[in-house]
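Atoms within each ligand, like the ligands themselves, are counted from 1 in listed order.
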Amino acid sequence: MREGIIVKGIGGVYEVETQEGRLQCTLRGRLRLEVERVLVGDRVEVSLSGGSTGVVERILPRRSELVRPPVANIDQVLVVFAVQKPLPNLVLLDRILVQAELMDLACVVVFNKADLDPARAEELRSLYAAIPYRTIVTSTRTSQGLEDLREAIQGKISVLAGPSGVGKSSLLNALNPQLQLEIGEVSAKVQRGRHTTRRVELLAFDQGYVADTPGFSQLHLEAGQEQQERLQLAFPEFDRYRGACRFRSCLHRSEPGCAVLEAVEAGEIAPSRHGHYLLFLEEVTPRY
Ligand SMILES: Nc1nc2c(ncn2[C@@H]2O[C@H](COP(=O)(O)OP(=O)(O)OP(=O)(O)O)[C@@H](O)[C@H]2O)c(=O)[nH]1
Ligand SMILES: [Mg+2]
Ligand SMILES: [Zn+2]
């Protein structure tokens with residue numbers, strides 16, 4: 001029996017990376033019945049069935065599980081947006097961050113295409129660095145930030161998230177030209193979310209993996225009382241003010257004596273972030 005990690009799955013055949021190389025594997029019958037539950041990123045035990053083929057016998061316990069994109073055991077989300085082409089949609093950026101926070105995943109915020117507007121790149125970086133998130137400003141044209149990015153993905157399993165056309169595949173190619181990932185041309189279509197990258201695959205990187213996923217542009221939050229409370233925890237910049245509001249059940253909407261609203265007024269919390277919090281709060285508020 002060997003241990004490995006599923007890096008790719010196409011039509012019932014799973015590519016498993018083991019210490020002794022890659023194996024093309026099918027699933028043991030029992031697992032085939034729950035095939036939708038086998039994910040790229042799963043750590044598995046495989047038995048050899050000759051040459052470079054094998055059979056997945058067992059899925060080892062998962063540390064994390066993402067539904068969209070479907071990946072298991074990831075350590076962090078690299079949230080990638082461009083400073084221009086396409087212009088960043090900060091509602092979407094914050095939505096991705098919130099969903100990652102709700103799943104307890106670490107996030108690194110990457111602003112790519114800095115060559116197109118260096119000043120705006122710095123503005124965006126400082127907005128998210130203040131929260132605080134780890135932020136990296138990159139350009140595949142000038143190579144800015146590529147070493148920081150390389151360091152950030154070292155030894156981890158990361159998933160790339162961000163709209164189509166922001167340069168996710170380009171960044172990975174820049175770090176490892178051998179990958180030769182398909183790059184899309186920026187066009188009007190890109191703005192509406194045409195994706196060049198389709199399948200989820202884990203790409204091996206300096207002792208780590210990155211999933212270049214079909215980026216996503218539509219993410220939703222589920223409604224529910226519990227979500228309403230959890231949403232506050234998904235905004236790290238609110239942490240300092242926890243317990244400081246006049247009402248213990250304060251939702252930081254328009255309540256008197258709200259410490260979060262005061263922090264927004266005082267310029268300690270970005271108005272855009274608080275605005276998006278209100279938007280998401282509305283979405284998760286149960287309707288009767
Ligand atoms: N100016 C500039 N253009 C870039 C940069 N990085 C990528 N691009 C261009 O942006 C376009 C889209 O790049 P991709 O790497 O295909 O984008 P993607 O995020 O992988 O897109 P999907 O696979 O569709 O999700 C291509 O035309 C790239 O050449 C950059 O740093 N600066
Ligand atoms: Mg791509
Ligand atoms: Zn409050």
Side-chain angles (χ1 to χ4, degrees), residues 68-69 77-89 92-93 96 110-118 120-121 124 136-146 148-149 158-177 179-201 203 210-219 228-229 231-233 235 237-266 268-269 273-274 277-278 281:
R68 201 166 18 162
V77 182
L78 301 177
V79 187
V80 185
F81 276 74
V83 299
Q84 260 186 33
K85 292 190 176 181
L87 279 172
N89 174 344
L92 177 60
L93 198 167
I96 294 172
V110 180
F111 291 106
N112 189 37
K113 308 200 189 185
D115 54 288
L116 297 179
D117 192 342
R120 179 66 178 147
L124 288 165
I136 306 178
V137 169
T138 59
S139 166
T140 60
R141 298 289 188 268
T142 66
S143 296
Q144 179 183 355
L146 295 183
D148 286 350
L149 185 61
S158 310
V159 66
L160 284 176
S164 187
V166 298
K168 300 180 296 295
S169 299
S170 303
L171 284 168
L172 297 183
N173 280 342
L175 293 183
N176 180 1
L179 287 176
Q180 302 196 350
L181 300 172
E182 198 188 337
I183 305 296
E185 279 314 307
V186 177
S187 68
K189 270 191 202 160
V190 166
Q191 303 270 3
R192 287 191 275 114
R194 179 184 57 106
H195 283 294
T196 307
T197 305
R198 286 165 215 289
R199 231 181 257 114
V200 181
E201 177 177 352
L203 306 166
V210 177
D212 182 23
T213 68
F216 34 71
S217 46
Q218 290 256 308
L219 278 175
Q228 220 178 21
E229 279 152 28
L231 183 63
Q232 305 188 33
L233 303 178
F235 282 77
E237 67 267 61
F238 292 3
D239 284 357
R240 293 175 53 191
Y241 309 97
R242 184 156 310 131
C245 299
R246 185 179 307 163
F247 302 110
R248 219 154 58 94
S249 61
C250 189
L251 287 175
H252 324 309
R253 255 192 293 227
S254 55
E255 297 88 340
C258 172
V260 168
L261 287 173
E262 281 164 16
V264 176
E265 286 294 310
E268 289 159 14
I269 289 177
R273 290 277 295 172
H274 182 256
Y277 162 75
L278 293 179
L281 184 63

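The count of protein N, O or S atoms under 2.8 Å from the Zn ion (ligand 3) stands at 4, with waters excluded from the count.
Considering backbone and side-chain atoms together, Gly165 places an N or O closer than 3.5 Å to an N or O of ligand 1. The distance criterion of under 3.5 Å between nitrogen or oxygen atoms is met by Gly167 with respect to ligand 1.
We find the CG-CG distance between Leu278 and Leu251 to be 10.0 Å, quoted to the nearest 0.5 Å. To the nearest 0.5 Å, atoms NZ (Lys168) and CG (Leu78) are separated by 11.5 Å. Between the CD atom in Gln228 and the OG atom in Ser249 there is a gap of 10.0 Å [rounded to 0.5 Å]. Atom CZ of Phe111 and atom CD of Gln84 lie 13.5 Å apart (nearest 0.5 Å). The NE2 atom of His252 sits 11.5 Å away from atom OH of Tyr241, with the distance rounded to the nearest 0.5 Å. The distance from the CG atom of Leu203 to the OG atom of Ser169 is 8.5 Å, given to the nearest 0.5 Å.
Nearest to atom 9 (C) of ligand 1 by heavy-atom distance, out of Gln84, Lys85, Arg141, Gln144, is Arg141.
Those atoms of ligand 1 with a heavy atom of Ser139 less than 4.0 angstrom away are 31 (O). Set against the non-hydrogen atoms of Ser170, the atoms of ligand 1 under 4.0 Å away are 6 (N), 7 (C), 13 (O), 14 (P), 15 (O), 28 (C). Here is the list of ligand 1 atoms found below 4.0 Å of a heavy atom in Asn112: 5 (C), 6 (N), 31 (O). Of all the atoms in ligand 1, the ones that sit under 4.0 Å from a non-hydrogen atom of Asp115 are 1 (N), 2 (C), 30 (C), 31 (O), 32 (N).
Taking backbone and side chain together, Ser170 holds no N, O or S atom under 2.8 Å from the Mg ion (ligand 2).
The proximity of Leu116 to ligand 1, defined as any non-hydrogen pair under 4.0 Å, is limited to the side chain.
Using a 4.5 Å cut-off on side-chain heavy atoms (C-beta onward), Phe235 and His274 make no contact. Counting heavy atoms from C-beta outward, Asp117 and Val83 have side chains that approach closer than 4.5 Å. You'll find the side chain of Ile269 stays beyond 4.5 Å of the side chain of Leu261, heavy atoms only.
In this structure a side-chain-to-backbone donor-acceptor pair under 3.5 Å is present from Asn173 to Gln180.
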